[in-house]
Amino acid sequence: MSRYSAAEIEPKWQQAWDEAGVFRAERMPGKPKYYVLEMFPYPSGRIHIGHVRNYTMGDVVARYKRATGHNVLHPMGFDAFGMPAENAAMANGGHPRDWTYSNIDTMVGQMKPLGFSLDWTRMFATCDPEYYGQQQALFLDFLEKGLVYRKNAVVNWDPVDMTVLANEQVEDGRGWRSGALVERRELTQWFFKISDMSEELLDALDTLDDWPAKVKTMQANWIGKSRGLQFSFGLTDTSHGYDRVEVYTTRPDTLMGASFVGISPDHPLARELERHDPRVAEFCKQARQGGTTEEAIEKAEKLGYDTGLTVRHPFDTAWELPVFIANFILMDYGTGAIFGCPGHDERDHEFARKYGLPIIDTFLPVEGEHDIQKEPFVPPKTEKVRFTRLVAGEKIQTGNEAIDATIDFCEANGVGQGVTKFRLRDWGLSRQRYWGCPIPVVHCDDCGVVPEKKENLPIRLPYDEGDKPIDFSIPGNPLDRHPTWRDTPCPSCGKPAKRETDTMDTFVDSSWYFARFTAPRAETPTVMEDAEYWMNVDQYIGGIEHAILHLLYSRFFARAMHICGHLPEASKEPFDALFTQGMVTHAIYQTQKDGRPVYHYPEDVELKDGKGFLEDGTEVEIIPSAKMSKSKNNVVDPVQIIADYGADTARWFVLSDSPPERDVEWTAAGAEAAAKHLGRVYRLASDLTDGEAETDEADEHLMREMHKTVHDVTLGIDSFGFNAAIAKLYGFTNTIAKSRAGSVARRMAIKTLAQLMSPMTPHLAEEIWQMLGGEGLISQAPWPKADPAMLVEDTVTMPIQVNGKRRGEIEVPKDLDPAEVEKRALANEGVQRTLDGAQPRKVIVVPGRIVNVVM
RNA sequence: GCCCGCGUGGUGGAAUGGUAGACACAGGGGACUUAAAAUCCCUAGGCCGGAAGGCCGUGCCGGUUCGAGUCCGGCCGCGGGCACCA
């Protein structure tokens with residue numbers, strides 16, 4: 001009898017798979033293909049236990065699909081451009097490229113021992129010139145089709161470092177390094193015209209049947225289709241060169257409750273006033289302070305500046321409203337101007353009270369009271385309300401009805417028009433940074449903005465500054481100050497010109513990598529034959545944090561690539577099924593020192609009766625289920641887990657316990673238990689001896705359980721119920737261990753158990769398969785099938801409730817007549833006791849399920 | 001602030017509107033052992049009770065239903081996203 005040693009068997013089987021080329025994906029017409037993809041990692045330097053969980057789920061699907069006769073594509077790559085590489089270079093010297101490739105090497109080295117069934121020959125990193133060169137080609141194609149354009153947009157500007165900051169580099173409205181108050185500043189930037197596809201991206205969500213509903217809801221809300229009224233307020237004083245202010249509102253029914261007009265500090269009228277009035281300029285400067293995020297703007301104190309200008313109300317020309325410049329209105333949204341109705345909007349209410357503006361109701365609750373001066377009345381638009389100041393429609397109607405009526409009325413009377421708008425803005429892709437894909441255009445004094453010629457691609461990032469290394473510790477974009485890289489002849493006229501120094505948002509890189517995997521070495525972005533064969537991604541797996549941006553951008557890219565002939569029509573929605581998995585969490589162990597928390601590593605904490613102690617006996621506070629974070633010392637390193645227990649244990653554990661879409665808590669005890677269980681399965685197989693007492697009845701029972709397990713586990717894997725499948729496998733293992741069946745039946749049961757476990761614990765499964773004389777590799781064996789005849793039970797246990805409370809149960813033949821079930825249920829001892837002679841008023845029999853007696 | 005989720009024993013969690021707590025961890029008891037480790041068996045939501053059994057129980061409050069962890073409304077707490085983190 002040998003002992004289970006993961007360290008011995010895992011490398012052995014990985015080598016066997018490698019040699020047999022089991023996971024290499026090649027087109028095989030005639031065999032159904034299956035493309036399973038996990039969101040590729042950022043090369044931070046170490047794999048994280050969350051990666052292990054993500055890729056294990058994908059691997060289970062890949063291995064299962066292979067066993068059910070599919071030709072599987074399961075690739076891996078790296079999302080390798082981005083800020084951390086530059087930050088590392090800034091902090092520790094070195095070069096982003098060296099840092100990134102070295103990290104990739106390390107991470108591949110950490111991933112391979114996990115035994116994922118990946119086709120490593122297709123691997124690439126988005127920072128490979130072979131990849132980003134094709135991305136530049138895509139950009140040029142998009143440009144030609146009018147899918148890319150330039151316009152102004154606001155960025156976070158650090159006035160001390162004189163550089164653009166990412167949102168995460170803005171802390172409490174200040175630059176992370178300089179500490180200077182950040183300003184919103186306009187810059188000319190490149191944009192993808194995603195807004196042109198708003199309607200289509202919204203409508204097509206309905207076709208994504210195998211996406212989580214919550215993701216579709218989030219995307220729909222993000223796209224934000226709304227119908228509203230666009231109209232103008234006439235200015236009473238036209239001396240500043242403007243005669244009106246154009247506004248857009250989704251609540252035209254509150255028009256009679258307007259009490260001010262607000263414009264953005266970047267509105268042309270505000271800009272005009274700013275030029276002539278230092279007080280306005282001062283206010284606008286202040287209003288532009290703070291970050292660009294919606295969150296920062298929403299949470300900032302609402303400030304306004306009364307311009308002294310007034311406008312006329314469109315339905316009462318005697319009614320004049322003041323015009324304010326307000327810090328919470330962005331030029332990017334709508335027309336950059338709004339009208340405020342404090343009676344029916346939280347934000348406007350706050351603003352009105354601050355600046356002493358009137359609060360007027362236009363509708364009130366149908367019943368009851370509401371003090372509009374105290375707080376705004378903001379019911380759902382579907383609720384009926386009583387209008388007090390009506391533009392159009394009935395006195396009592398819903399908000400939606402009133403909005404429609406108002407738009408009709410306004411259009412009929414020449415006051416503006418109904419407009420459908422989308423919240424979705426165009427995708428700004430310019431980044432003023434080095435470590436990204438260079439935007440392949442040239443700025444020529446004579447020809448303007450000229451696309452680079454395709455034969456000159458890739459436009460490579462310069463590694464150094466010619467005679468000296470790039471100094472990343474200087475704020476700003478090294479491409480911008482590079483002595484020679486910018487210089488290039490104009491592709492159009494040949495005269496000396498300058499390259500664009502902005503690089504692309506890293507979301508661009510991850511918006512088409514799934515397509516590139518179908519032909520990763522091609523000289524064009526994709527190869528139609530390969531794309532047609534492998535696309536779409538049948539199962540995409542990743543974190544919920546990507547629910548909106550990454551997935552929406554990818555959907556846009558797939559459409560844009562189709563327009564340019566890089567993807568087939570059928571791939572406009574590139575991900576057939578989506579699964580969003582939860583995080584792996586771990587307890588934080590902390591003590592207090594001088595009022596500050598001190599975090600302790602798990603290996604320094606001894607657990608006893610649910611309490612934790614340090615070596616010196618100090619008790620530590622345990623904060624369960626916390627997100628893993630380096631600064632909290634609660635990160636679990638998969639490499640250590642593999643060294644301690646082996647890959648199969650790590651894989652088994654991350655799938656067990658928690659449903660995949662939920663967070664899972666990593667505990668040392670849990671990992672220990674997983675390892676023990678795998679050892680037990682191994683022992684069951686290696687202890688299997690011939691010549692035990694053979695009893696037909698026990699054989700029959702074991703075979704029935706086996707078929708049930710095959711059925712349940714198959715269903716579990718099909719529906720991403722990995723934790724449930726594992727619970728069944730635990731149960732079946734117990735059944736085998738206790739079974740008195742003969743060795744033939746037991747051998748069959750354990751071989752089947754190995755097959756059912758093989759997607760989760762492939763190395764152990766191969767070992768057992770070989771031990772029990774299975775043919776070839778288990779990785780290439782067909783998936784077991786459950787015999788339907790073995791699944792049906794003759795009798796069923798039915799619980800009996802009285803008034804919804806369980807009082808007993810009866811064992812009845814499966815198809816017993818409901819009237820007979822009722823009779824037997826009423827005769828039940830527990831029911832009789834509870835009824836205590838009373839007559840039941842009603843008896844509900846749900847065949848095969850439950851009986852409820854109502855008294 | 002806005003959008004989307006989640007909340008069940010000591011712990012991770014199970015449960016097509018139909019027996020709440022499957023499976024597992026920690027705990028308790030036992031077997032084997034000179035002893036320990038390993039392994040195996042039993043037990044286990046809380047309260048009352050010797051037992052039979054009863055009462056309570058899925059974050060909180062209310063509703064729909066013969067029946068609610070599950071559906072609806074309100075609240076509290078936690079997490080994800082908010083367009084330059086990936």
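Below, read A as the first sequence line, B as the second, and so on, with proteins coming before strands; counting in each chain starts at 1.
Dashed line: the shortest gap from a side-chain N or O of A/Arg806 to OP1 or OP2 of B/G18 is not under 4.0 Å. OP1 or OP2 of B/C40 sits under 4.0 Å from a side-chain N or O of A/Arg680. Taking side-chain N and O atoms only, A/Asn221 has a distance below 4.0 Å to OP1 or OP2 of B/C4. Residue A/Asn167 has no polar side-chain atom (N or O) positioned under 4.0 Å from OP1 or OP2 of B/C82. Not one side-chain nitrogen or oxygen of A/Arg184 sits closer than 4.0 Å to the OP1 or OP2 atom of B/C84. Within the 4.0 Å cut-off from OP1 or OP2 of B/A83, not a single side-chain nitrogen or oxygen of A/Arg425 is found. Taking only side-chain nitrogens and oxygens, A/Thr506 comes nearer than 4.0 Å to OP1 or OP2 of B/A86. Look at A/Lys676 and you won't find any side-chain N or O under 4.0 angstrom from OP1 or OP2 of B/C40. An OP1 or OP2 oxygen of B/G13 is reached within less than 4.0 angstrom by a side-chain nitrogen or oxygen of A/Ser658.
In this structure, the nucleotide among B/C85, B/C66, B/G53 sitting nearest to the side chain of A/Val854 is B/C66. Candidate nucleotides B/G5, B/C84, B/G18 were compared by shortest atom distance to the side chain of A/Lys214, and B/G5 ranks first. Of the listed nucleotides (B/A86, B/G54, B/C84), B/C84 has the atom at the smallest distance from the side chain of A/Arg433. Checked against B/U19, B/G80, B/C84, the side chain of A/Glu809 finds its nearest nucleotide in B/U19. Candidate nucleotides B/C4, B/U19, B/G54 were compared by shortest atom distance to the side chain of A/Thr217, and B/C4 ranks first. Distance from the side chain of A/Pro659 is smallest to B/G13 among B/G13, B/U19, B/G12. For A/Leu424, counting side-chain heavy atoms from C-beta on, the closest listed nucleotide (B/C55, B/A20, B/A83) is B/A83.
Ring-plane geometry between A/Tyr682 and A/Tyr4 is classed as tilted, the angle between the planes lying from 30 to 60 degrees on a 0 to 90 degree scale. The aromatic rings of A/Tyr513 and A/Tyr540 sit tilted, their planes meeting at an angle between 30° and 60°.
Counting atom types as modelled, A/Gln432 pairs a side-chain N or O with a base atom of B/C84 as donor and acceptor under 3.5 Å. The base of B/C66 sits within donor-acceptor range of the side chain of A/Asn852, with an N or O pair under 3.5 Å. With hydrogens and angles ignored, no donor-acceptor pair closer than 3.5 Å exists between the side chain of A/Arg849 and the base of B/U19. At a cut-off of 3.5 angstrom, the base of B/C82 holds no donor-acceptor pair with the side chain of A/Glu294. A donor-acceptor contact under 3.5 Å links the side chain of A/Gln189 to the base of B/C84.
In this structure, CD of A/Glu672 is placed 16 Å from P of B/A24, rounded to the nearest angstrom. Across the protein-nucleic acid pair, A/Glu171 atom CD and B/C85 atom C1' stand 12 Å apart, rounded to whole Å. One can place OH of A/Tyr4 at 17 Å from C1' of B/A38, the figure rounded to the nearest angstrom. The interatomic distance linking A/Ile800 (CD1) with B/G18 (C1') rounds to 12 Å, in whole Å. Atom CG of A/Leu678 and atom C1' of B/U39 are 16 Å apart (whole Å). Atoms CG (A/Asn734) and C1' (B/A22) sit 12 Å apart, rounded to a whole Å. The NZ atom of A/Lys805 sits 18 Å away from the P atom of B/C66 (whole-angstrom rounding). If you measure from atom CZ of A/Arg662 to atom C1' of B/G12, you get 10 Å, rounded to the nearest angstrom.
Under the Watson-Crick and G-U wobble criteria, each requiring two contacts below 3.5 Å, nucleotide B/G79 is paired to B/C4. Partner assigned to B/U65 is none, using Watson-Crick or G-U wobble distances below 3.5 angstrom. Nucleotide B/G49 forms no Watson-Crick or G-U wobble pair with any nucleotide shown, as no partner meets the under 3.5 Å limit on both distances. Pair assignment for B/A86: none, as no Watson-Crick or G-U wobble contacts are both less than 3.5 Å. When Watson-Crick and G-U wobble pairs are counted only if both distances are under 3.5 Å, B/A35 pairs with no nucleotide at all. With a cut-off of 3.5 Å on both pairing distances, the Watson-Crick or G-U wobble partner of B/A24 is B/U11. Under the Watson-Crick and G-U wobble criteria, each requiring two contacts below 3.5 Å, nucleotide B/U19 is left unpaired.
Taking the six-membered ring wherever Trp is involved, the centroid distance between the rings of A/Trp512 and A/Phe556 does not fall below 6.0 Å.
Glycosidic conformation of B/G29 is anti; the angle lies outside 90° of 0.
Judged by the 6.0 Å and 45° rule, A/Lys302 forms no cation-pi pair with A/Phe351. Within the cation-pi definition used here (under 6.0 Å to the ring centroid, within 45° of the axis), A/Arg184 does not qualify as a partner of A/Trp157.
For the residue pair A/Gln432/A/Asp502, the side-chain donor-acceptor check at 3.5 Å is satisfied. Under the 3.5 Å distance criterion, with hydrogens and angles disregarded, a donor-acceptor pair is assigned to the side chains of A/Asp426 and A/Ser195.
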Please report the C-alpha distance between A/Arg555 and A/Gln219 in whole Å, then the side-chain angles of each, then the deciding distance to 0.1 Å, and finally whether the side chain to side chain contact (heavy atoms under 4.5 Å, CB included) criterion is met. CA-CA 11 Å; A/Arg555 297 176 62 217; A/Gln219 291 218 355; 2.8 Å; yes
